[in-house]
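These notes concern the structure reproduced below.
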Amino acid sequence: MRIEKHPILEFKEKKKVSFFLDGKPVQGFEGEPIAVALFEQGYKNINESLVYHRPRGIFCCIGNCSSCLMKVDGIPNVRTCTKRIEEGMQVETQKREP
Ligand code: FES
């Protein structure tokens with residue numbers, strides 16, 4: 001669900017880029033944060049709590065919590081709400097051992 005029309009703001013059309021979530025191809029718009037693109041496509045649980053493994057998703061969306069941590073291009077614990085999509089990027093969920 002994207003906001004496409006707004007009475008005050010103007011949204012310019014952006015180029016689509018492809019990246020991978022756990023090996024599956026996913027699309028988003030250039031310059032968009034990874035977590036936002038995933039949320040828009042229905043991936044709401046992108047992380048889990050450290051102790052009880054409860055599902056976690058976007059919470060603050062400004063890089064101040066740990067709800068959106070994912071592995072990006074082999075780098076663990078990247079805050080995907082502030083990391084912008086790049087073409088061909090490899091994004092992985094971080095499953096922790098119980
Ligand atoms: S949602 Fe809080 S740091 Fe990303």
Side-chain angles (χ1 to χ4, degrees):
M1 281 187 284
R2 290 182 191 277
I3 298 172
E4 294 174 357
K5 289 185 179 175
H6 191 275
I8 299 169
L9 302 173
E10 195 175 300
F11 301 110
K12 294 179 184 160
E13 197 163 312
K14 292 184 176 177
K15 181 182 152 198
K16 278 203 170 196
V17 290
S18 296
F19 62 105
F20 297 91
L21 172 65
D22 293 331
K24 290 190 293 187
V26 188
Q27 286 198 323
F29 289 100
E30 193 173 43
E32 183 174 56
I34 296 166
V36 172
L38 294 176
F39 189 88
E40 195 274 331
Q41 293 181 43
Y43 297 101
K44 303 215 173 13
N45 300 326
I46 56 174
N47 193 7
E48 61 184 28
S49 67
L50 201 57
V51 178
Y52 296 113
H53 307 280
R54 293 175 178 150
R56 295 287 183 260
I58 297 176
F59 182 67
C60 72
C61 215
I62 55 171
N64 280 346
C65 71
S66 59
S67 290
C68 66
L69 297 180
M70 299 180 87
K71 195 173 188 179
V72 178
D73 287 337
I75 301 169
N77 300 324
V78 174
R79 286 187 166 84
T80 55
C81 68
T82 56
K83 176 74 176 167
R84 296 183 189 277
I85 299 169
E86 291 170 22
E87 185 74 43
M89 188 175 250
Q90 299 285 335
V91 179
E92 297 168 56
T93 51
Q94 300 184 138
K95 295 289 178 196
R96 296 178 178 92
E97 296 301 316

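First listed ligand is number 1; within each ligand, the first listed atom is number 1.
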Practice problem: State whether Phe39 and Lys44 meet the cation-pi test: NZ (Lys) or CZ (Arg) under 6.0 Å from the six-membered ring centroid, and within 45° of the perpendicular axis. | Solution: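 Yes, Lys44 and Phe39 form such a contact.
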
Numbered atoms of ligand 1 (with element) below 4.0 Å of [X], judged on heavy atoms:
X: Phe59; value: 1 (S)
X: Gly63; value: 3 (S)
X: Cys68; value: 1 (S), 3 (S), 4 (Fe)
X: Arg79; value: 3 (S)

Quiz item: For the hydrophobic clusters of this structure (ILVMFWY residues joined by side-chain heavy atoms under 4.5 Å, transitively), does one cluster hold both Val26 and Val72?
Solution: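 Linked within one cluster.
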
Quiz item: Are Tyr43 and Met89 in one and the same hydrophobic cluster, where Ile, Leu, Val, Met, Phe, Trp and Tyr link if side-chain heavy atoms are under 4.5 Å apart?
Solution: yes

Quiz item: For ligand 1, does Asn64 get within less than 4.0 Å through its side chain, its backbone, both, or neither, judged by non-hydrogen atoms?
Solution: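 Backbone only.
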
Exercise. For ligand 1, note which part of Cys61 has a heavy atom under 4.0 Å away: side chain, backbone, both or neither.
Key: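 Just the backbone.
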
Quiz prompt | Presence of N, O or S from Cys65 under 2.8 Å of atom 4 (Fe) of ligand 1 | solution =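 Here the distance criterion (N, O or S atom, under 2.8 Å) is not met by Cys65, so no.
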
Practice problem: Using 2.8 Å as a strict upper limit, say whether an N, O or S atom of Cys60 approaches atom 4 (Fe) of ligand 1 that closely. | Solution: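 Given the 2.8 Å cut-off, Cys60 does not count as a ligand of atom 4 (Fe) of ligand 1.
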
Practice problem: May I ask you to test the Ile46-Thr80 pair for a side-chain heavy-atom distance under 4.5 Å? | Solution: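 Yes, their side chains come closer than 4.5 Å.
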
Quiz item: With side chains defined as the heavy atoms from C-beta onward, is the minimum distance between Phe11 and Arg2 less than 4.5 Å?
Solution: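 Counting from C-beta outward, Phe11 and Arg2 never come under 4.5 Å.
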
Exercise. Among Arg54, Met70, Arg56, find the one that has a side chain to side chain contact (heavy atoms under 4.5 Å, CB included) with Asn47.
Key: Arg56

